[in-house]
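Below you'll find the structure, written out as structure tokens, and then a few comments.
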Amino acid sequence: MNLRMKLALAFLLLIIVPMCALGIGMFLVTSHTIEKKYNQQAEYALQAISYNIENVFQQINNVTDNGIATSVFQMALNAKDPTKQDLGTGNQLSLNASQRNFRSLLYNYPFISYAFLYDLRSSENNQIVSIFTKENFQALPFQQFKVHPLFNEIQQLNGVPKWLAPLEYPELTGVEPVFTQIRLVKELSYFQNIGVLVVQIKKGEIDRIFRHLQISDSAQDTSFLLINEEGLIVYDPAGIYNGENMQNLGAESSRYGPGFSSVRTVFDGKESIISQYHLKNYNWSLVSVTSWEALSAETNAFAGWSVIIILSCLLAAMIFNLFFMNRITGNIAVLVRFMRRVDDGDFNARVEGKGFDEMQLLAQGFNELLDRIGGLFRRVRAEQEQKAQAELRVLQAQIKPHFLFNTLESINGLALRGEGRKVSEMVTRLGNMLRISIQDQEEIPLGEEIRHLQSYLEIQQYRFSDLFTYEIDIPPHLYSSILLKLTLQPLVENSIQHGFEGITYPGVLRISAYAERGHLVLCVEDNGIGIPQEMLARFEYMAEDPPEDMLAEGAESLSSITERRGLGLRSVADRIRIQYGAGYGIFICSAPGYGTVIRCIIPLYEQEEAG
């Protein structure tokens with residue numbers, strides 16, 4: 001994985017993922033906090049509403065308790081004409097003191113809609129005694145009420161009030177959304193059951209309670225409901241869900257029990273929070289339904305802005321990563337590419353730095369380092385060239401005394417014998433050889449090298465007249481080819497001194513040359529005694545320095561090996577390697593009794609090309 005991929009992965013794992021996780025975590029925490037805070041507010045609000053509803057019911061309980069205590073209901077049941085006991089329409093002067101006081105009490109509570117009594121002692125068909133009349137309302141006949149399940153329940157309560165919610169028993173309370181109290185009336189002296197009181201309150205009083213109580217700012221999206229134990233919605237101030245069942249609206253009634261509870265679920269197709277508080281002394285639960293969409297509107301707005309901010313930050317970070325980090329990784333990649341070029345040997349590579357930061361300093365340092373390395377290489381190359389030139393001059397200097405010694409010795413012998421003409425010829429040929437040797441040019445045309453070689457061969461033939469004959473077979477078109485001076489003469493000298501040493505037959509020496517694949521091949525062949533294998537092994541290292549194990553054999557000292565390197569085959573091989581490189585040199589093929597073939601391979605070019 002390259003650096004750019006590592007930085008991109010680190011950017012993803014260390015920035016993008018944590019920011020997304022942080023945003024999601026903040027949203028969930030905020031939603032949970034809002035739900036928790038709402039549940040607390042809903043609990044307080046439902047408790048307050050429940051307290052007010054129970055207070056209204058308690059006031060009616062007090063009113064009916066007062067009527068029982070003052071025997072108002074007993075007098076109404078015992079009257080000669082029960083149909084004329086309506087306190088709402090009767091003459092104030094015709095009422096006794098208890099009736100007048102109770103009537104004043106009823107008028108103090110104007111939310112009472114009507115009140116009547118069932119006479120349990122009468123055997124007549126008309127057993128309903130009106131206390132406070134109501135228009136367009138007809139009470140359930142006593143014979144039907146007597147077989148109603150509520151009748152036995154009222155008997156068992158033994159005077160304790162029983163409250164009925166709207167829509168629970170419409171056959172008894174009517175179809176209007178009102179609350180009704182039913183309780184047993186006893187004769188106080190003997191505690192005998194004498195009647196059943198039915199009192200109904202107006203719905204406006206309960207509506208006023210819901211109208212003045214709200215839950216925070218979401219009241220416009222909050223519905224208050226009153227449900228019974230079966231989940232039936234018996235009262236809805238807005239009148240939307242009256243008579244509906246909570247289960248049909250998506251909420252299970254089994255969730256509503258004593259105390260307070262709250263749940264986030266679907267109500268009427270919308271995600272909502274349903275909170276309920278069970279009234280302490282009644283079989284109803286007060287429920288608030290708040291739309292989660294309205295409740296979380298601020299949270300969603302906050303989340304939306306958070307998402308916008310996070311996306312903006314991510315976009316800025318991505319732009320930063322795209323331009324800045326890519327610039328860094330791109331510059332590093334450029335440096336790596338240039339380092340690979342340097343590794344391949346291109347020391348002229350230079351990095352073009354941009355800007356004024358550390359990357360520019362790095363590129364500048366890289367270029368300065370290459371400049372220093374290039375300078376060191378140029379210095380080393382110059383020193384190597386100087387060393388090669390010095391070594392070449394030493395080799396040539398070693399060759400010159402060798403020829404001079406042998407030739408002067410021959411001239412001296414001729415002089416002693418008084419052969420002046422031959423001495424003159426020998427001196428002339430030696431002068432030709434010395435003229436070529438002392439030239440400043442390291443390379444000469446092949447034609448001059450041949451003339452130098454002919455002078456040498458004539459001198460050697462004079463010395464060894466019956467030892468050998470020679471033949472030079474070189475095409476004239478190769479005479480302009482360039483080679484190191486004194487290349488052929490040492491090879492021919494090696495054949496004469498070592499190849500023809502001790503032979504009993506005439507030696508034959510052949511010098512030839514030809515061009516092949518851009519190379520100039522020079523051949524020196526003789527029919528001498530040949531070279532043994534142990535001697536050929538010494539020429540295997542001619543392209544390199546002698547191995548250390550050969551120096552450790554003790555056969556020859558280091559000085560003798562150095563001297564041999566300056567003479568004969570080794571000197572020619574070293575000079576060619578120094579001048580033209582390791583790909584060129586001499587190759588020897590020989591065996592005892594079969595003569596020797598020496599091939600010298602050098603580049604093929606002429607004087608104009610060399611210049």
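Atom set for the values below is all heavy atoms of this structure, side chains included, hydrogens, waters and symmetry mates excluded. None of the values given here were measured: they were computed from a predicted structure.
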Any chance you could measure [X], atom [atom1], to [Y], atom [atom2], to the nearest 0.5 Å?
{"X": "Met246", "Y": "Gln276", "atom1": "CE", "atom2": "CD", "answer": "9.5 Å"}
{"X": "Gln47", "Y": "Tyr277", "atom1": "CD", "atom2": "OH", "answer": "4.5 Å"}
{"X": "Ile227", "Y": "Leu286", "atom1": "CD1", "atom2": "CG", "answer": "9.5 Å"}
{"X": "Tyr44", "Y": "Gln41", "atom1": "OH", "atom2": "CD", "answer": "9.5 Å"}
{"X": "Ile233", "Y": "Leu249", "atom1": "CD1", "atom2": "CG", "answer": "5.0 Å"}
{"X": "Lys146", "Y": "Phe151", "atom1": "NZ", "atom2": "CZ", "answer": "6.0 Å"}

Using modelled atom types only, decide if a donor and an acceptor are shared between the side chain of [X] and the backbone of [Y] within a distance under 3.5 Å.
{"X": "Asn52", "Y": "Ala48", "answer": "yes"}
{"X": "Thr265", "Y": "Val263", "answer": "no"}
{"X": "His278", "Y": "Trp284", "answer": "yes"}
{"X": "Asn242", "Y": "Asp236", "answer": "yes"}
{"X": "Gln59", "Y": "Val56", "answer": "no"}
{"X": "Glu271", "Y": "Arg264", "answer": "no"}
{"X": "Asn228", "Y": "Gly231", "answer": "yes"}

Closest heavy-atom contact between [X] and [Y]?
{"X": "Ser275", "Y": "Leu46", "value": "O-CD1, 3.7 Å"}
{"X": "Pro166", "Y": "Val178", "value": "CG-O, 3.0 Å"}
{"X": "Thr64", "Y": "Val199", "value": "CG2-CG2, 3.8 Å"}
{"X": "Ile273", "Y": "Ser262", "value": "CG2-OG, 3.5 Å"}

Take Ile209 and Ile49, measure what side chain to side chain contact (heavy atoms under 4.5 Å, CB included) needs, and give me the verdict at the end. CA-CA 7 Å; Ile209 296 175; Ile49 295 173; 4.1 Å; yes

Determine whether the aromatic ring centres of residues Tyr241 and Phe267 are separated by less than 6.0 angstrom. yes

Do the charged groups of Asp65 and Arg183 touch, with an N to O distance under 4.0 Å? yes

Basic-acidic side-chain contact under 4.0 Å: Lys162, Glu153: yes

Can [X] and [Y] be counted as having a side-chain donor-acceptor contact under 3.5 angstrom?
{"X": "Trp163", "Y": "Asn61", "result": "yes"}
{"X": "Ser291", "Y": "Ser272", "result": "no"}
{"X": "Asn62", "Y": "Gln58", "result": "yes"}
{"X": "Thr173", "Y": "Thr180", "result": "no"}

Step by step, work out the side chain to side chain contact (heavy atoms under 4.5 Å, CB included) result for Leu279 and Ser285. CA-CA 6 Å; Leu279 278 66; Ser285 290; 5.9 Å; no

Is there side-chain contact between [X] and [Y], with at least one heavy-atom pair below 4.5 Å?
{"X": "Phe179", "Y": "Ile60", "answer": "no"}
{"X": "Val287", "Y": "Ile274", "answer": "yes"}
{"X": "Tyr118", "Y": "Ile154", "answer": "no"}
{"X": "Asp119", "Y": "Ile194", "answer": "no"}
{"X": "Leu120", "Y": "Val196", "answer": "yes"}
{"X": "Leu172", "Y": "Leu150", "answer": "yes"}
{"X": "Thr222", "Y": "Phe224", "answer": "yes"}
{"X": "Gln200", "Y": "Gln181", "answer": "no"}

Does the pair Ile68 and Lys186 meet the rule for a side chain to side chain contact (heavy atoms under 4.5 Å, CB included), with working shown? CA-CA 8 Å; Ile68 293 175; Lys186 291 181 177 291; over 6 Å; no

Residue pair Ile182, Leu164: steps toward the side chain to side chain contact (heavy atoms under 4.5 Å, CB included) verdict: CA-CA 8 Å; Ile182 301 179; Leu164 305 179; 3.4 Å; yes

Please work out whether the ring planes of Phe142 and Phe145 are parallel, tilted or perpendicular, with thresholds of 30° and 60°. tilted

